[in-house]
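Beneath this line is the structure, given in structure tokens, with notes to follow.
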Amino acid sequence: MKRNSIYITVLTATFTFMAACSDSFLEEQPRGVFSEEILINRQGVEGMLVGAYSLLDGAGGPTNDWFAAASNWVFGDVTSDDAYKGTDAGDQIEINPIERYEPLPNNGYFNAKWNHQYDGVSRSNDVLRLIGDVTDINENDRARLIAEARFLRGYYHFEAKRMWNNVPYIDETTVSFSDFNSAKVPNNQDIWPDIEADLMHAYDNLPETQAQVGRVNKWAAGAYLAKAYLYQNKFNEAKPILDNVIANGTTSDGQKYALNEEYHHNFRTEGNNSAESVFAVQNSVNDGGNALNSRQGDVLNFTYTGGPGGCCGFHQPSQNLVNAFKTDANGLPLIDTFNDEDVTNDQGVLSSQPFEPHTGNLDPRLDWTVGRRGIPHLDWGPHPGSSWIRDQVYAGPYSPKKNHYYQSEEGVTTDGSSWTSGYIAMNNNLMRFAEVILMAAEVEVEVGSLEKAREYVNMIRARAMNPDGFVKNPDGTPAANYVIEEYTQPWTDQAMARKMVRFERRLELAMEGHRFFDLVRWGIAAETLNEYLEVESTKRQYLIGATFEEGVNEYFPIPEQQVILSSSDGQPSLTQNPGY
Amino acid sequence: MAWLFVIAMAVQPEVYAQERAISGTVTDQEGPIPGVNILIKGLTRGTVTDIDGNYTINAPADATLIFSSIGYTAQEVPVNGRSTIDVELAQDVQALQEVVITGYTAQNRRDITGAVSVVKPEELLATPAGNVQQQLQGRVAGVVTSGTGVPGAGAKIRVRGFGSFGNNDPLYIIDGVPTYNVNNINPQDIESMQVLKDASAASIYGARAANGVVIITTKQGKAGVPTITIDSYYGIQQAPEGPDMLNPTEWGELTWESLSNAGQTPTHPQYGTGAQPRLPDYILAGNSSGVMEGHPDTDPNLYNIDYNSPRHQIVRFNKEGTDWWDETFRPAPIQSHQLSINGGTEASRYSVGFNYFDQEGLMPHTGYTRYTVRANTEMKVKDRIRIGENLQVSYNEYQGSNSGENGGESFVLNSVRLMPFVPVYDINGGWAGTAGAGAGTASNTPGELFRAKDNRRTAIRTFGNVFAEIDIIEGLTARTSFGLDYETRYEQNYRFRTYERAENINTNSYTERNDYNLNWTWTNTLTYQAQFGDIHDITVLAGTEAVKETGRGVGGRRLDFFTDDPLFRVLDRGSPVGQDNFSYGYAATLASLFTRVDYSLMDKYLVNATLRRDGSSKFGAESKYGVFPAVSVGWRVSGENFMQGVSFIEELKIRAGWGQMGNQLNVDRENAYSFYRSTPGNSSYDLDGTGNTVVQGFDMDRIGNPTTQWETSTTSNIGIDAVLFDSKLDVAIDVYNRVTDGLLLRAQAPGTLGNATLPFVNIGDIRNRGIDLMMGTRGEIGANGLRYDVALTLSRYVNEAVKVGPNPNDIIQGSVLRNVEITRNTAGQPISSFYGYIIDGFYETQDELDAGPDQPQKRVGSWRIRDINEDGEINADDQTYIGNPHPDLTAGLNLTVAYKSFDFNIFLYSVVGGDLYNNTKWWTDFNSFQGNRSRRMLEQSWRPGADNSNAVLPILDATDTYSNNIANTYMVEDGSYLRARTIQLGYNLPDAIGDRIGLSNLRVYVQGQNLFTITNYSGVDPDVTTLGPETGMGIDMGWYPNPKQYLVGLRLSF
């Protein structure tokens, strides 16, 4: 039995050991991540602020790809009279009902955009929530970090506000991560005051220049604050700020705000952070981020085959937009009659068949905005028409152009890591100085200073008139019959002045994601878009039967998923927008 | 561990003096029995009978011989100085007599009180496949299996329905070592397999048992003369026929009609403009598309596909049409060769196996090859001490592209939707593609497969354990086992530039990655077994177990390789610009205490109870431990006196059990922790405006939950086992109710919380109720030696999500494909229910149209969508549940007929009543992506003025973007099918001949797999019922089809 007692001793020891050591044995920390405690210091909150900035590009948080594109091409352009979804009927099929003003609340695009905006808010709040506990920071840096974070929080809310109007406002004290119900905030308050408060705090506290060009500064915050006022028709509040920004504003790296000499410079990677760039998404490629930091929101918006990018022919300009670039003998836009006759196009003409482009007067900005048959497409040669278009019957003869890169930049400002080279380093201009001037022009019209408004609009037109900035044929001649002049007659009729400012805004900022939101804030979405649909549906049959319902389609449906997720005890805290 | 094997082989037989040769014949009532083991009691030597039941052995005159053979009651015979001993063995009439390994112990099958299915290895091996999962289909009642034809791929196994929204994989215990990965375990090494289906059988595995436990024992050595077995088969696999697609002329007609109906002048970059489509001669010539012979760009001298100069590809228009399905699939060989050596003495036994398995893919340049070595040994080192080891080492290699394995937009789908007018090659032998205008987006499948031919994924896996057993006192045995599972994987993936596509890849790249996981399991048990008279029989087990899994991985990618030559495929030959690298690591642990009591009273009343306490690193401090009890009882009715008169019942047992099991598969290892991350893509930003670098940033990655607990499945099971009519009929019926509480779901929160990954929390309940039936009958027909064996398994379960969140109206979205939401999960419905609109025919006339509700894009010939809430408007509120993939019944029928040396076997598998959502129709029946269309679309679309009684699709309309943007009843089909999984004809060499040439066994056979399938399902392969994520199953995304196979096989031993 002696041997047995040895066995039993060993066994008992084994069992005891197994039972006793299990507590430490059962601790396995995750690898390669940071606890909050490690990040409560200057570098940590600086990094969190970088994280908040990193969502400006519309990707890298809850959604990648194009659903929350910084350019707003779906929600701002396809929904307007500027652009079609493009490509063919079946690709990104969920945009179709958005374009036809029949969006359903369960459309994934809305949920993606919603989640993206509120992740931006959440990341901004992380900075604000933790910075109070940070001790290794001087007060200047603390103030700057808070102001930058509040600007971003205001900016992300602003986007949500103009998408859905009835949206919740989340600050750094709203959400407790141990109680998810705390995030079920109702959307029954107007959050403009909160957005204004954030932007104003940023305007009052941000430095005029920053150590890094990608950071927001006082002037950009001011421009956004003014924009927020414009959305509420608070023109008197907007005016002094815009005056100040125009008179004194500089970029974060200290360049005095100015219009670039050539219009096209705004749509080149080499024009990133020019003097006209008030606030931009800093896109980058080949940075180890698998193209997630590139301008990926627009990756689909290239020519279909051949030409830049290689995919997929989305975001095609409308005929209506192209027609808007016609000018009269005086080089002025045909504000009321532009759509009576179409700019000649190659609809139904194969690339192998001959075609002569439009010979009438055109605003030169057209050919930096729209890719069309026969016009040199950057350095890619003349646009060949239908062979660069995926389905001309469905979506017309035009390509987008503002986000297109030069062939000579292939591999340099394009990312090689993914399935197309359409992941590019060109910044998204969220706010160009041209827009600041045009906002100022709007304000002047509304406060009655029509001549000041004309002066502003002429600044924009004067730049567009620079013949050095025209699209040129290889022999140096202008690629089309560009005729453009300033408004030389004094403006005396406020209603007409308003139209002219708005028309100028459309031309200057076309295809940059503004148009739909502008139409809504001007209160003319229903009339403009229904008129547009009536004519455009004769060209784009898939628009037949589509109507813009006034009082409904100004705002998008609150994502159904969010309504469901906002429920406590079966009662949602989010209320669906009217009409959905 | 291999040293143990070497030692075992080196043990020399003991030599004793004063022995004499003893010989004799072993018989049963019917004649001689081959293969009977004869051991000398107390010694470690033995022999086996030959084919005629004869044996010879040297033994001391006073020895006792032990005769044993499976299916017979063992006999001990004292030699008493005799030199001839003939023995007649009694057949063990109890079919349930066999000993099976269940949780940590072996049990007499007839004493089992839980729901346990025993699977015969030969049934598994009847299906030639690389892994046991594929082979399980239809063999076990209560187990549902779906798999694809991807070479070497596993299959999805579900035991008794779906108890979770996440992973429902069963736990496999191979030679005592747990794993979830049986993909590279060689099926030919399996000696026995048991599926533990209810809590009373499985809950001894506690926190990992809720999805069922599959116990596998690999082949063990047997005392006796060494036997060498060779088992080989070779076959050809063939893809099923592809869907019926259009030729180029028909495609043009369809397009023209579709454009005309949309009120548009028909035009197409290839087919021209005009009243009729015209076929061009070239898809592409330089920058010109759809041109005719004579066009200047078609000059072959201009041809150039070099990447470094302006491209000028010339591709003919294939007027006859390319059958892309045929171009994508090819007949492919499958083969397996197994060599097994088995032998040993009473003191030292060994079993060794070598296997080569090779399955080429149905798609060219793909395949799977595996080499495995198994070496199991067991030794008696002292009177009361045994040690041993089980070891399997495998090398696995997957060749070529792995696209197509996961359904989705894979090569399978590509080969369906590629335009028929695109040829495989251009005029110069380059790949043709979609570069010509109007040629769609699908890539040239043969081209892609060729380019990927040098891609490799390899895995080396070492799996096994070492163990020691000590008999401490009579009946008390201690056992310790240390198991190890180490797998390291290597992957090389090269991506080519393309020139032939509409959307070309302009940069080549190369990715290389390596990872490993290392899991160990240390198990210690004490077992006490005692009998008290014939009244009490008790077995008590207590044990501890510790499990640790760890792993790391590393990889990188570079771009812009100077040449595509395979020899240059090392990372640092690529450009440093845009390089990317990563690594990661993880660890998780489990520590457990468990006990089990089996008690039998008078061999009639059986009680079993188990209790396990698991602690897991996956849970936070507040809920680290879970306790899982189970109890079951059995009543052997046939043992009662009052049953003695019922002659047709040999064995009748009623069982009932209740118990709880856990599931921790669906919790991330880091679930309890909150933390931030830093990644270039998600949290960093180019603050400096450089265009090519980012500043490091942070964002919240995860919110932890320290209170999350195990999913708990509570099962109740009532079963009956019966052996009837002279052992001719076996029946096992089980009825169960399985309720999973505290279902682990990722917490959901509104977007306003931010985007950190939310923890899994216990918020759902799922119920599965069902019935499993297994029936077997065997016997002879007449007296002429015609034998039959029929086995039937029937399974039915009813699944219902009882609760999916805190609110009754909560939903869990399932599969969303191309922005169309297809499945939903909500309380009161089975999981993965299809959610969409109901189609009630068509709007036949304008009047009907005007009277109908508002429906987007409606016109005469549109589908009439049902206005479910009758509000006069078709919108999201009119969606409802339109089907689900859960079958009403699955059945397997195995029928064997043998006559003299021939036998014939057929195994039929059937699924009855489940729906499938045939999403391949999204690509082929609508204006979805440009691509080829189905014959259905051409011939069964509604047409004005035509007989539309067969119409299933709306009027062809190029601008219809609505019909394919909604999930609807057209896409839902009955997924019922009956498939001949196996048909085999075999010939066994008669013993007399075999004996003469020294073979103890020789069998040759021919076999066909999946030879026919009877179904109304319109897709290529209906065996997709449970494929896809649990919340979005049953969607046919164009999965890799199961091939037909034709095989010849040989099995011989000597």
Side-chain angles (χ1 to χ4, degrees), chain A residues 4 7 11 14 18 22 25-26 28 30-31 33-34 47-48 50-51 53-54 60-62 88-90 93-94 96 102 104 106 108 114-115 118-119 122-123 170 177 180 183 212-214 273 282 284 286-290 292 305 310-311 348 352 387 416 421 425 541-542 562 565-567 570, chain B residues 262-264 267 288-289 437 472 478 502-504 506-507 524 544 559 577-578 580 585 587-589 591 615 617 670 673 675-677 680-683 685-689 691-695 697-699 703 748-755 807-808 819 856 876 927-930 959 961 965:
Chain A
N4 288 340
Y7 293 151
L11 278 164
T14 306
M18 295 283 296
S22 61
F25 179 70
L26 292 175
E28 285 294 347
R31 272 59 163 172
V33 294
F34 309 98
M48 283 193 228
V50 171
Y53 271 105
S54 83
D88 66 10
I93 199 164
E94 260 199 346
N96 297 341
E102 295 161 349
L104 295 177
N106 64 355
W114 178 286
N115 280 326
Y118 281 101
D119 190 28
S122 171
R123 291 188 185 193
I170 309 295
F177 291 111
F180 297 169
Q212 285 164 306
V213 70
N273 299 313
Q282 305 294 325
S284 62
N286 300 321
D287 54 7
N290 284 319
L292 275 170
T305 177
C311 171
S352 53
S387 73
S421 36
Q541 273 82 353
Y542 68 88
Q562 295 302 323
L565 289 173
S566 77
S567 298
Chain B
Q264 305 195 354
T267 172
S288 306
S289 290
I472 298 170
E503 300 168 353
N504 278 313
N506 296 323
T507 311
N524 299 290
T544 68
L559 312 169
V577 175
D580 181 35
T589 50
S617 68
E670 56 272 32
Y673 298 91
F675 49 80
Y676 291 73
R677 66 180 166 178
N682 299 98
S683 52
Y685 188 64
D686 185 15
L687 270 185
D688 292 301
N692 54 24
T693 54
V694 283
V695 176
F698 308 109
D699 74 307
I703 299 171
Q748 299 202 52
T752 41
L753 188 79
N755 183 50
N807 298 296
N819 299 324
N927 303 316
S928 299
F929 280 85
Q930 290 173 343
T959 60
T961 56
N965 203 9

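The sequence lines fix the lettering, A, B, ..., with proteins before strands; numbering per chain opens at 1. Keep in mind that the numbers below use all heavy atoms, side chains included, and drop hydrogens, waters and symmetry copies. Bear in mind that the values here come from a model prediction, so they are computed numbers and not experimental data.
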Heavy-atom pair count under 4.5 Å with chain B, highest-scoring of [options]:
| options | value |
| --- | --- |
| A:P62, A:A425, A:G51, A:C311 | A:P62 |
| A:S387, A:G348, A:G61, A:S567 | A:S567 |
| A:G108, A:S566, A:A183, A:A89 | A:A183 |

Closest heavy-atom contact between [X] and [Y]?
| X | Y | value |
| --- | --- | --- |
| B:N692 | A:S284 | N-CB, 3.8 Å |
| B:F675 | A:P30 | CE2-CG, 3.7 Å |
| B:A587 | A:R31 | CB-NH2, 3.3 Å |
| A:F25 | B:T589 | O-OG1, 2.8 Å |
| B:N682 | A:S54 | O-OG, 3.3 Å |
| A:Q282 | B:D686 | CB-O, 3.1 Å |

For the [atom1] atom of [X] and the [atom2] atom of [Y], what is their distance to the nearest 0.5 Å?
| X | Y | atom1 | atom2 | result |
| --- | --- | --- | --- | --- |
| B:Q748 | A:L565 | CD | CG | 5.0 Å |
| B:T752 | A:I170 | OG1 | CD1 | 4.5 Å |
| A:Q212 | B:Y685 | CD | OH | 11.0 Å |

So [Y] and [X], do their side chains get closer than 4.5 Å, heavy atoms only?
| X | Y | answer |
| --- | --- | --- |
| B:F698 | A:R123 | no |
| B:L687 | A:V213 | no |
| A:N115 | B:N755 | no |
| A:M48 | B:D699 | no |

Would you mind checking which part of [X] comes under 4.5 Å of any heavy atom in chain A, side chain (CB onward), backbone (N, CA, C, O), both or neither?
| X | value |
| --- | --- |
| B:A749 | both |
| B:N504 | backbone |
| B:T267 | both |
| B:I703 | side chain |
| B:L753 | both |
| B:A262 | backbone |

Inset, instruction - Given side chain to side chain contact (heavy atoms under 4.5 Å, CB included), test B:E670 with A:V33 step by step and report yes or no. - result: CA-CA 10 Å; B:E670 56 272 32; A:V33 294; over 6 Å; no
Among [options], single out the residue with the greatest number of heavy-atom pairs under 4.5 Å to chain A.
| options | result |
| --- | --- |
| B:D580, B:L559, B:N965 | B:N965 |
| B:S288, B:A437, B:G263, B:S928 | B:S928 |
| B:P680, B:G691, B:S289, B:A588 | B:G691 |
| B:P750, B:G754, B:G697 | B:P750 |

Inset, instruction - Would you mind checking which part of A:E102 comes under 4.5 Å of any heavy atom in chain B, side chain (CB onward), backbone (N, CA, C, O), both or neither? - result: side chain
Legend entry - Under 4.5 Å from any heavy atom of chain B - which part of A:I93: both
Inset, instruction - Determine whether the aromatic ring centres of A:F34 and B:Y676 lie less than 6.0 Å apart. - result: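 Between A:F34 and B:Y676, the centre distance exceeds or equals 6.0 Å.
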Inset, instruction - Could you please spell out the steps behind the side chain to side chain donor-acceptor pair (under 3.5 Å) verdict for B:N506 and A:S421? - result: CA-CA 7 Å; B:N506 296 323; A:S421 36; 2.9 Å; yes
